[in-house]
Every structure is written in structure tokens, then in C-alpha cells.
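Report on the structure given below.
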Amino acid sequence: MAVMKIKGAATVAGTWLNEAVSFVVFCILDIVDSFLCLLYKAADYLFEAEWKPCYCLSDKEPITTTRGKILLSHNNGESKILTLSPLQELGGRSKIELEDISETLYTRPSLISDISTISVNELNKRFVKVTRSESECSGHNEKTKNKRRRSLTKSSLTVNFTVVEMLRGKIRPQNLKHDISRWSDCDCGFCTSWASTSDKNHSLFVKTQIPNGVTAKEDVLFIHGFISSSAFWTETVFPSLSASSSTHRLFAVDLLGFGKSPKPADSLYTLREHVEMIEKSVLHKYNVKSFHIVAHSLGCILALSLAARHGGLIKSLTLLAPPYYPVPKGEKKPRQYVMKKVAPRKVWPPIALGASMACWYEHISRTICLLICKHHRVWQFIAGVLTRNNRTVNFLIEGFMCHTHNAAWHTLHNIICGTGSKLDTYLDIVRDKLKCNVTIFHGGDDELIPVECSYNVKQRIPRARVKVIEHKDHITMVVGRQDEFARELQEIWKTSSC
């Protein structure tokens with residue numbers, strides 16, 4: 001009994017210590033990020049001869065003109081399609097939807113302001129309780145005033161300066177012609193290979209594997225996770241499937257902004273852009289009629305979106321560590337809710353610290369990319385020396401480091417945070433309109449995405465089968481057990497074809 005009390009007291013003390021240290025650390029990071037903002041403004045002007053917009057200094061300004069070509073949002077942060085740009089200026093597209101752009105890009109309150117808001121809300125609740133009886137006396141008049149205020153609020157539109165500035169480049173004709181890397185991005189041959197190819201349409205880099213000596217019976221699309229690449233599959237599962245004489249045609253893509261795929265500087269890396277690039281680069285290019293999907297982490301969101309768009313073509317859905325955080329009913333800011341789940345602003349565990357720095361701080365995360373991604377060849381050399389050119393370490397580092405800050409920052413916010421409650425819709429479509437098998441794998445020791453996320457998917461899709469791989473984490477659930485995982489995949493595809 002005494003031991004239990006000591007353990008309980010130690011847990012409480014550890015929690016409070018984590019909270020206190022986290023508060024101090026993230027308050028300091030708020031200040032550092034503000035300083036880096038000014039530093040990068042000067043550096044961008046020095047190296048690129050122009051000011052570059054960022055989100056931290058982009059206050060939402062009232063609309064002062066009714067002319068188009070601007071994306072709008074309501075004051076409450078809910079994004080809407082309010083204007084259309086001329087077809088010729090969108091390079092063949094009739095509109096860009098602001099609902100694809102997460103407000104977490106430009107609404108990331110500092111820790112102090114967040115706590116202040118919570119305190120003010122609590123005071124307001126108490127004040128309302130005390131004065132409720134007085135309010136009831138003049139209820140009718142107040143209701144009338146509130147309705148008028150709401151109508152005024154709804155009609156008050158705002159624009160985010162940074163979104164507009166980025167879209168000015170995006171809505172030009174030939175919008176993928178901005179091939180020049182920013183000074184803080186890597187300009188090596190590997191990272192910029194997409195800009196020097198003869199493919200003017202800039203399709204995604206796709207690694208294919210076709211069965212030897214036999215006709216491929218089915219197609220399988222592999223989608224990697226955040227800050228990764230197709231090598232996550234091609235260096236692990238592909239050789240195992242080849243050795244087992246698989247009769248499947250395999251496709252592994254480098255997502256837009258990652259690996260050898262295009263990294264356009266003017267892209268906002270929305271869910272729509274990612275999915276449409278996969279459709280163009282794989283489904284259309286290789287005439288894929290029906291297919292299985294295997295997706296890891298962030299790739300699960302893209303897989304569910306593809307399943308919702310191509311329901312009749314999906315033969316099976318295999319999801320690894322899906323980042324699904326159900327948004328409570330009545331939550332007014334679902335994207336902010338998901339962001340706080342993904343990046344809780346805690347120093348412990350270390351993975352939470354890394355996720356929080358990447359998600360909450362635009363300029364700190366850019367600095368990390370400057371130090372790591374721009375100099376990835378140096379880090380790969382050092383890792384090669386230390387590990388004696390271990391092949392596994394090499395492709396993991398390559399996938400982790402070969403991207404731009406622009407791609408990682410927008411993908412993180414517009415897909416992982418930006419889907420918000422949208423994932424509920426995709427899961428409901430899979431549950432109600434698709435008949436394919438749904439299998440979910442999750443590492444029992446995964447500290448990046450908790451196992452509860454997989455069980456959340458199962459609650460939404462009861463027929464889904466969840467398999468927890470004990471003593472494996474976010475990466476080792478595949479890497480290191482690829483032969484076993486390949487056999488599991490073949491069994492899934494076999495039963496799905498019956």
C-alpha cells in the first residue's frame with residue numbers, strides 16, 4: 001500500500017514538473033521564434049532581394065475591396081469559398097478553396113496568451129452565473145441585440161495576408177515554373193532532380209516493381225508518412241515481396257515536397273494537391289483500374305481521401321498508425337483541437353517536444369530544416385561513418401531530411417491538423433459505402449501516434465481489424481520485420497480478392 005502511494009505521489013510530482021518546465025521552455029521558444037522571424041526577414045531580403053511573407057506577422061485585415069482573386073475566411077476561423085479567380089489565371093482550374101487551408105497556419109497563440117484566454121473564459125463563465133438572474137429580466141432585449149451582433153460578425157470578412165501573398169504566385173499561369181530553391185533549402189542534385197527532368201508536368205517520383213516472368217494480377221499503392229519517402233517501402237517491403245514471387249504490380253510514391261518529387265515554392269501542399277498529384281502520377285499515368293492501398297502515418301489520411309473519391313476501385317485498405325484524433329461534438333475549432341493533440345507543447349516525452357517545435361514555431365522549424373535538411377549530405381556522411389554505411393540508417397536519414405521547410409510546414413498543418421473533423425466523413429464513407437477489408441497495424445511502443453488512434457478508427461469502422469505489434473514503435477513496426485509484414489500483406493490481398 002505504501003509503495004502504491006509513493007508511486008502515485010511520484011507520478012503527480014513528475015506531471016507537475018513536466019508542466020512547469022514545459023511552461024518555461026515554450027515561453028522562451030515564443031520569444032526565440034519572434035526574434036528568428038525578424039532575422040529571416042532580413043536574410044531573405046539579403047539573399048533573395050525581396051521580402052518573404054510569413055504567418056506569425058500576418059494579422060487578418062478587413063477586406064477593403066470587392067475585387068476577386070483573394071481567398072477569404074470568417075472571423076471565427078472557419079474557411080469558406082467566397083471568390084473565384086478567372087479560369088485562365090488558375091492554369092486550368094476554376095477555383096481554389098480556402099477550406100483546404102488550415103487556420104492553424106496563422107492562428108497559433110503563444111503559451112501565455114493561450115493561458116490568458118483560458119483564464120478569461122473561466123472568469124466569464126463565473127460572471128455569467130452570478131449575473132444570470134439579472135440577464136433573465138432583460139432577456140428579450142438582449143436576444144435581439146445578440147442576433148444583430150451575430151449577423152454583423154458573420155458578415156465581417158477577413159483575409160490572411162500570407163495566404164494571399166503565396167497564392168499570388170500560385171494562381172499565375174504555369175504555376176510550377178518557380179523551380180529555384182530558397183537560400184535556406186538544399187540545392188543538391190538529389191533534392192532538385194525534379195526541376196531538371198524533361199517532365200514539364202512535374203509528376204511525382206514513383207518507384208514501380210513489376211513481377212518477373214508473370215502477368216501482374218493486381219495493383220498496390222504504397223503511401224509513406226510525414227518527412228519520409230518511398231524508400232520506406234522500396235528498401236523494406238518491396239524486396240521481401242519480390243523474393244516471395246508476388247504477382248502484384250507495386251507503386252510507391254514520393255509525396256509532393258518530399259524525396260525526389262517536385263518541391264514547388266509556391267505550393268500550399270493542401271490535401272487536394274497531394275491527392276490530385278497521386279491520381280495524376282499513378283492512377284492515370286499507369287491506367288490503374290482497381291487497387292489495394294498500404295499507407296503509413298500521414299499517408300493514412302491521403303489513403304482515406306482516395307478511398308472516399310474512388311470507393312469502387314479500392315480492393316483493400318491497410319493503415320499503419322493512422323493519426324486519427326476524433327473531434328468532440330460542439331468543438332468550435334476542430335483544427336486547433338487536433339493540433340494540440342499532435343503537438344501538446346510538452347518537453348517530455350522528447351517526441352512531444354520535437355512535434356511541438358515543428359508544429360507551433362514557423363521559424364524555429366525553418367532553422368531546424370536549415371541545419372539538417374540543407375546539410376543532409378554531411379549528416380548522411382557522418383551516419384555512414386558511424387554505422388559503417390548501414391543501408392537501413394541511410395534510407396531513413398535520406399527520407400527524414402530530403403524535403404523543404406515549405407513542404408513540411410504546410411503539409412503538417414493542412415493535412416494532419418487541417419483535416420480536423422473531415423476524417424470523420426472519410427471514415428463514414430469507408431464504413432457505409434465501401435465493402436473492402438480494412439486492416440490496421442500499430443506499434444505497441446509508438447510514442448508519436450498513440451495506439452488509441454487505431455482503436456478510434458475501429459470504433460468508426462467496426463469491421464476494421466486492429467493488430468498491435470508488441471515492442472515495436474512507429475518505424476520498427478515495418479523496418480526490421482519486413483519479411484513478416486510482407487507475408488501479412490499478401491494474406492490481406494489474398495482474402496480481399498476472394
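The shown structure was predicted, so the numbers you read here are calculated from the model rather than taken from an experiment. Just the heavy atoms: all of them, side chains too, but no hydrogens, waters or symmetry mates, feed the values below.
Counting all heavy atoms, side chain and backbone alike, Trp379 lies closest to Met401 at CB-CE, 3.7 Å. Minimum interatomic distance between Ala358 and Leu412 (heavy atoms only, all atoms of both residues): O-CD2, 3.6 Å. In terms of heavy atoms, Arg249 sits closest to Ala216 at CB-CB, 3.8 Å. The shortest heavy-atom contact between Val451 and Gly443 is CG2-O, 3.6 Å. The two residues Leu268 and His410 make their nearest non-hydrogen contact at O-CB, 3.2 Å. Annotation for Ser454 and Pro322: closest pair OG-CD, 3.3 Å, computed over non-hydrogen atoms.
The environment of Lys207 atom NZ is sparse: at most 12 non-hydrogen atoms of other residues, nucleotides or ligands sit within 6.0 angstrom. Other residues, nucleotides and ligands contribute more than 12 heavy atoms inside 6.0 Å of the NZ atom of Lys315. When the shell of 6.0 Å around CZ of Phe400 is examined, it contains 12 or fewer heavy atoms from other residues, nucleotides or ligands. Counting heavy atoms of neighbouring residues, nucleotides and ligands inside a 6.0 Å radius, atom CG of Asp432 exceeds 12 of them. Taking a 6.0 Å sphere around CZ of Phe190, one finds it holds more than 12 heavy atoms contributed by other residues, nucleotides or ligands.
A donor-acceptor pair shorter than 3.5 Å can be found between the side chains of Ser496 and Asn437. Under the 3.5 Å distance criterion, with hydrogens and angles disregarded, a donor-acceptor pair is assigned to the side chains of Asp254 and Ser230. Using modelled atom types and a 3.5 Å distance limit, the side chains of Ser240 and Asp483 yield a donor-acceptor pair. Using modelled atom types, one finds no donor on one side chain facing an acceptor on the other under 3.5 Å when comparing Ser229 with His224. Using a 3.5 Å distance cut-off with no hydrogens or angles, the side chains of Thr411 and His274 do pair a donor with an acceptor. Ser297 and His474 are linked by a side-chain donor-acceptor pair at a separation below 3.5 angstrom, with hydrogens and angles left out of the test.
Between Cys453 and Pro323 there is no side-chain heavy-atom pair separated by less than 4.5 Å. Counting only heavy atoms from C-beta outward, the side chains of Ile492 and Val294 never approach each other to under 4.5 Å. With a 4.5 Å cut-off on side-chain heavy atoms, His413 and Arg335 do not count as touching. In this structure, the side chains of Val220 and Trp233 stay at 4.5 Å or more apart for every pair of heavy atoms. Within the 4.5 Å cutoff, the side chain of Ile449 has no heavy atoms near those of the Tyr324 side chain. Between Arg345 and Ser22, the closest side-chain pair of non-hydrogen atoms is not below 4.5 Å. In this structure the side chain of Val378 reaches within 4.5 angstrom of the side chain of Ile382, judged on heavy atoms. When side chains are defined from C-beta on, Asp33 does not count as touching Phe26, because their heavy atoms never get closer than 4.5 Å.
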Thr234 and Gln209: CA distance, side-chain angles, deciding distance, side chain to side chain contact (heavy atoms under 4.5 Å, CB included) verdict: CA-CA 9 Å; Thr234 60; Gln209 181 168 293; over 6 Å; no

Audit row: Ile278, Leu255, side chain to side chain contact (heavy atoms under 4.5 Å, CB included) steps and yes/no: CA-CA 8 Å; Ile278 292 174; Leu255 294 177; 3.9 Å; yes

Test side chain to side chain contact (heavy atoms under 4.5 Å, CB included) applied to Asn406 and Arg182, step by step: CA-CA 10 Å; Asn406 183 55; Arg182 300 193 65 179; 5.9 Å; no

Check against side chain to side chain contact (heavy atoms under 4.5 Å, CB included), Leu271 and Asp100: CA-CA 7 Å; Leu271 181 66; Asp100 294 334; 5.7 Å; no

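Put simply, OG1 on Thr387 and CD1 on Ile397 are 7.0 Å apart, with the number rounded to the nearest 0.5 Å. Distance check, rounded to the nearest 0.5 Å: OH of Tyr40 to NE2 of His405 gives 8.0 Å. Atom OH of residue Tyr286 and atom CG of residue Asp219 lie 11.0 Å apart, to the nearest 0.5 angstrom. The distance from atom CD1 of Ile415 to atom CD1 of Ile301, rounded to the nearest 0.5 Å, is 7.0 Å. Between Arg272 atom CZ and Ile101 atom CD1 the span is 10.5 Å, to the nearest 0.5 Å. One distance of note links OG of Ser356 with OH of Tyr361; it measures 8.0 Å at 0.5 Å rounding.
Put simply, the residue from Arg366, Glu362, His403 that forms a side-chain contact (heavy atoms from CB on, under 4.5 Å) with Trp409 is Glu362. A side-chain contact (heavy atoms from CB on, under 4.5 Å) with Leu423 is found for one member of Leu304, Asp428, Val338 and no other, namely Leu304.
A distance-only check finds a donor-acceptor pair linking the side chain of Arg108 to the backbone of Leu105 [under 3.5 Å]. A side-chain donor-acceptor contact under 3.5 Å links Thr270 to the backbone of Glu273. Listed for the Thr404 side chain is a donor-acceptor partner under 3.5 Å among the backbone atoms of Ala407. Judged by distance alone, the side chain of Asn456 and the main-chain N or O of Pro326 form no donor-acceptor pair under 3.5 Å. At distances below 3.5 Å, not a single donor-acceptor pair connects side-chain atoms of Trp194 with backbone N or O atoms of Pro264. Although no hydrogens or angles enter the test, the distance criterion places a donor-acceptor pair under 3.5 Å between the side chain of Lys374 and the main chain of Trp183. Side-chain N or O atoms of Ser261 include one that pairs as donor or acceptor with a backbone N or O of Phe205 at under 3.5 Å. In this structure, Asn414 contributes its side chain and Ser102 its backbone to a donor-acceptor pair below 3.5 Å. With Lys263 contributing its side chain and Gly259 its backbone, the two residues share a donor-acceptor pair below 3.5 Å. Side-chain N or O atoms of Gln482 include one that pairs as donor or acceptor with a backbone N or O of Gly480 at under 3.5 Å.
Every residue two or more places apart in sequence or in another chain that forms a salt bridge (Lys or Arg N to Asp or Glu O under 4.0 Å) with Lys467 is listed here: Glu488.
Note on ring orientation: taking the six-membered ring where Trp is involved, the planes of His248 and Trp493 are tilted (angle from 30° to 60°). By the 30° and 60° cut-offs, the orientation of the rings of Phe238 relative to Phe222 is perpendicular.
Aromatic pair Phe291/Phe251: centroids not less than 6.0 angstrom apart.
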